[in-house]
Chemist: 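Pasting in a structure now, in structure tokens, and then I'll have a few things to ask.
All values derive from a computational prediction rather than experimental measurement.
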Amino acid sequence: GLSYALALSVTLHGPISLIALSSNNLLEVAQALERYCSLRAPAINFKAVLEDDFVTVHVSYLRPDDPLRPYLMELVLMGLVVMTGQVLDHPQAGTEVWLEGPEPPYYAAYAPRLPVPVRYNQPDYAIHIPRALMEAPLRLANPAAAAMAREACERELQARRQTREDALTSRVRSLLVKSEDRLPTLEEVA
């Protein structure tokens with residue numbers, strides 16, 4: 001996960017990338033991730049928690065029993081840090097990646113190449129970032145471009161919801177057509 005994360009580019013994710021590049025600060029980027037992450041990674045959720053001096057971005061994976069979970073979470077969290085470094089004009093001092101579980105044997109070989117330290121045996125998966133860094137202006141901030149990117153993400157979210165609704169409607173309609181002698185109960189349809 002760490003190796004792959006080091007190779008990621010902030011431009012990989014279409015309008016979400018444009019939000020990351022053009023937002024006023026990282027706090028706006030974190031809020032956009034909370035809302036739009038499902039467009040690129042439906043099994044991952046983000047939740048930014050603001051504290052006095054830090055912002056902790058908690059990341060959850062909806063398949064807790066997946067054997068690839070540690071790898072994926074390592075990739076997602078360090079990948080976010082790597083891509084964040086691409087939009088900042090200064091180091092991410094004070095930032096840490098938090099991972100569940102023990103430190104793997106390969107970590108020592110990667111540690112010198114990582115932009116921030118990793119803390120293992122944490123209660124959950126998260127990135128712990130100084131609040132001042134999250135609120136600092138980004139060098140490529142462009143409110144018009146950020147608004148345009150958010151509109152594109154909203155359209156994509158709406159299209160995805162409509163597709164899901166259409167699929168559900170189609171399944172219910174098919175069930176009703178197949179019912180020959182009586183209409184099914186709500187419980188049967190559910």
Chemist: What closest approach, in Å, do Leu114 and Tyr107 show between heavy atoms, and which atom pair accounts for it?
Modeler: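 That closest heavy-atom pairing would be CD1-CE1, 3.6 Å.
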Chemist: Is it the case that atom OH in Tyr71 sees more than 12 heavy atoms from other parts of the structure closer than 6.0 Å?
Modeler: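 Buried by this count: over 12 neighbours within 6.0 Å.
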Chemist: Between Pro15 and Ala152, what is the shortest heavy-atom contact and its length?
Modeler: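 In this case the closest contact between Pro15 and Ala152 is CB-CB, 3.9 Å.
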Chemist: Determine the minimum heavy-atom distance between His58 and Asp124, stating which atoms define it.
Modeler: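 In terms of heavy atoms, the two residues are closest at ND1-OD2, 2.6 Å.
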Chemist: For a side-chain contact (heavy atoms from CB on, under 4.5 Å) check, start with the C-alpha distance between Arg35 and Cys153, then their side-chain angles and the critical distance, and finish with the verdict.
Modeler: CA-CA 9 Å; Arg35 179 148 179 83; Cys153 287; over 6 Å; no
Chemist: Less than 4.5 Å apart, any side-chain heavy atom of Val97 and any of Pro117?
Modeler: no
Chemist: So does Arg182 pair up with Glu188, basic N to acidic O under 4.0 Å?
Modeler: yes
Chemist: Using a strict 4.0 Å threshold on nitrogen-to-oxygen distance, state whether Arg150 and Glu154 make a salt bridge.
Modeler: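 Salt bridge flag = no for Glu154 with Arg150.
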Chemist: Would Trp98 end up clustered with Leu80 when hydrophobic side chains under 4.5 Å apart are linked, directly or stepwise?
Modeler: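 Per the 4.5 Å side-chain linkage, Trp98 and Leu80 are not co-clustered.
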Chemist: Give the cluster check for Tyr61 versus Leu33: same hydrophobic cluster or not, with ILVMFWY residues linked at side-chain heavy-atom distances below 4.5 Å.
Modeler: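 Yes.
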Chemist: Does Leu133 reach the side chain of His90, with side-chain heavy atoms less than 4.5 Å apart?
Modeler: yes
Chemist: Supply the atom-to-atom distance Leu21 CG to Arg139 CZ, rounded to the nearest 0.5 angstrom.
Modeler: 9.0 Å
Chemist: Could you give the distance from OG (Ser9) to CE (Met83), rounded to the nearest 0.5 Å?
Modeler: 8.0 Å
Chemist: What distance do Glu51 atom CD and Asp53 atom CG have between them, rounded to the nearest 0.5 Å?
Modeler: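 If I round to the nearest 0.5 Å, the distance is 9.0 Å.
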Chemist: Honestly curious: do Val57 and Leu72 fall in one hydrophobic cluster under the side-chain, below-4.5 Å linking rule?
Modeler: yes
Chemist: Please step through side-chain contact (heavy atoms from CB on, under 4.5 Å) for the pair Tyr110 and Ser3, ending with a clear verdict.
Modeler: CA-CA 8 Å; Tyr110 281 96; Ser3 180; 3.2 Å; yes
Chemist: Does some side-chain heavy atom of Val49 sit less than 4.5 Å from a side-chain heavy atom of Val55?
Modeler: no
Chemist: Rounded to the nearest 0.5 Å, what separates atom CZ in Arg160 from atom OG in Ser38?
Modeler: 6.0 Å
Chemist: If you measure from CE on Met134 to OG1 on Thr95, what distance do you get to the nearest 0.5 Å?
Modeler: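 Answer rounded to 0.5 Å: 9.0 Å.
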Chemist: The test is side-chain contact (heavy atoms from CB on, under 4.5 Å); show your working for Arg131 and Asp52 and say whether it passes.
Modeler: CA-CA 7 Å; Arg131 188 165 178 159; Asp52 288 339; 5.7 Å; no
Chemist: Identify the two heavy atoms, one from Met78 and one from Val116, that lie closest to each other, and give their separation to 0.1 Å.
Modeler: CE-O, 4.0 Å
Chemist: May I ask you to check whether Glu100 and Tyr120 show a side-chain donor-acceptor distance below 3.5 Å?
Modeler: no
Chemist: Side chains of Asn24 and Pro143: closer than 4.5 Å at any heavy-atom pair?
Modeler: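 Touching, per the 4.5 Å side-chain cut-off.
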Chemist: Would you say Thr84 and Gln92 are linked by a side-chain donor-acceptor pair, where the criterion is simply a distance under 3.5 Å?
Modeler: no
Chemist: Could you report the tightest heavy-atom contact between Ser17 and Leu12, atom names first, then the distance?
Modeler: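 Smallest heavy-atom distance, with atoms named: OG-N, 3.5 Å.
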Chemist: If you compare all heavy atoms of Leu75 against all heavy atoms of Ala5, which two are closest, and at what distance to 0.1 Å?
Modeler: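 Closest approach of Leu75 to Ala5, heavy atoms only: CD1-N, 3.6 Å.
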Chemist: Do Val118 and Phe54 share a hydrophobic cluster, counting only Ile, Leu, Val, Met, Phe, Trp and Tyr and linking them when any side-chain heavy atoms are less than 4.5 Å apart?
Modeler: no
Chemist: Would you kindly confirm whether Val59 and Leu6 end up in one hydrophobic cluster when ILVMFWY residues are joined by side chain heavy atoms under 4.5 Å apart?
Modeler: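 Yes, it is one cluster - the side chains of Val59 and Leu6 are joined through contacts under 4.5 Å.
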Chemist: Do the side chains of Ile44 and Leu62 get nearer than 4.5 Å, heavy atoms only?
Modeler: no
Chemist: Show the numbers, then the answer: is there a side-chain contact (heavy atoms from CB on, under 4.5 Å) between Arg119 and Gln122?
Modeler: CA-CA 7 Å; Arg119 290 183 58 204; Gln122 297 303 302; 3.7 Å; yes
Chemist: In the structure I gave you, are the side-chain heavy atoms of Glu96 and Ile127 within less than 4.5 Å of one another anywhere?
Modeler: no
Chemist: So do the side chains of Thr56 and Ile129 get within less than 4.5 Å of each other, counting heavy atoms only?
Modeler: no
Chemist: Can you confirm whether Leu140 sits close enough to Leu138 that some side-chain heavy atom of one is under 4.5 Å from a side-chain heavy atom of the other?
Modeler: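 Leu140 does not reach Leu138 side chain to side chain.
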Chemist: Tell me if the CZ atom of Arg63 is crowded by more than 12 foreign heavy atoms within 6.0 Å.
Modeler: no
Chemist: Backbone N or O of Val10 within a donor-acceptor pair of the Gln86 side chain at under 3.5 Å?
Modeler: yes
Chemist: Just verifying a value: how many Å separate Thr11 OG1 and Leu18 CG, rounded to the nearest 0.5 Å?
Modeler: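 So the OG1 of Thr11 and the CG of Leu18 are separated by 11.0 Å.
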